[in-house]
Amino acid sequence: MNNILLQTPDAGMLPQLLMFGAIILVFYFFMIRPQQKKMRDQKKFREELSKGMTVVTIGGMHGKLIAIDDDTITLEVDKGVRLMFDKTAVSMEATMKVQNPA
């Protein structure tokens with residue numbers, strides 16, 4: 001009698017495949033998709049940079065945009081002090097905090 005109760009029918013690979021598919025969906029919707037959206041937003045922000053904007057770099061340098069080239073920007077951090085940075089060094093989050101102190 002004990003042998004009969006311990007035996008389980010073989011369900012095949014379908015439940016395992018469904019669980020694996022569910023794990024992939026969770027990873028996509030909670031990890032990959034938000035990261036891709038953030039990258040798109042950062043790219044759009046860097047394309048919309050314009051002269052005269054006050055920006056903050058990822059290193060914390062505050063300055064006013066003086067010149068914008070294809071891959072670089074020039075910031076004026078003090079009167080007569082101009083520094084050249086790569087466009088990817090501009091922090092979208094920090095710049096938004098400075099521009100919209102809500």
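We count residues from 1, following the sequence as given.
For the atom pair F29 CZ and I24 CD1, the distance stands at 12.5 Å (nearest 0.5 Å). Note: T95 OG1 to L49 CG = 7.5 Å, rounded to the nearest 0.5 Å. Taken to the nearest 0.5 Å, the CG atom of L65 stands 11.0 Å off from the CD atom of E76. Here the straight-line distance linking atom CD of E93 with atom NZ of K97 works out to 8.0 Å at 0.5 Å rounding. Annotation: the span from K64 atom NZ to R82 atom CZ amounts to 10.0 Å, rounded to 0.5 Å.
V98 approaches H62 most closely through the heavy-atom pair CG2-CE1, 3.7 Å. Minimum interatomic distance between M53 and E48 (heavy atoms only, all atoms of both residues): SD-O, 4.2 Å. A pairwise comparison of heavy atoms in D86 and D71 identifies OD1-O, 2.8 Å as the closest pair. Between R46 and V90, the shortest heavy-atom distance links the atoms NH2-O, 3.3 Å.
L17 and M19 fall into different hydrophobic clusters, defined by Ile, Leu, Val, Met, Phe, Trp and Tyr side-chain heavy atoms under 4.5 Å apart, directly or through other members. V77 and I73 fall within a single hydrophobic cluster, where Ile, Leu, Val, Met, Phe, Trp and Tyr are joined by side-chain heavy atoms under 4.5 Å apart, directly or via other members. Follow the hydrophobic side-chain contacts under 4.5 Å out from M61 and you reach V81 in the same cluster. Note: the hydrophobic cluster containing M39 does not contain I32 (ILVMFWY, side chain heavy atoms under 4.5 Å, direct or indirect links).
Proximity of I66 to L75: side-chain heavy atoms (C-beta onward) are nowhere separated by under 4.5 Å.
The closest donor-acceptor contact from the side chain of T74 to the backbone of M84 lies at 3.5 Å or more, if one exists at all.
More than 12 heavy atoms of other residues, nucleotides or ligands shown are found within 6.0 angstrom of NZ on K87.
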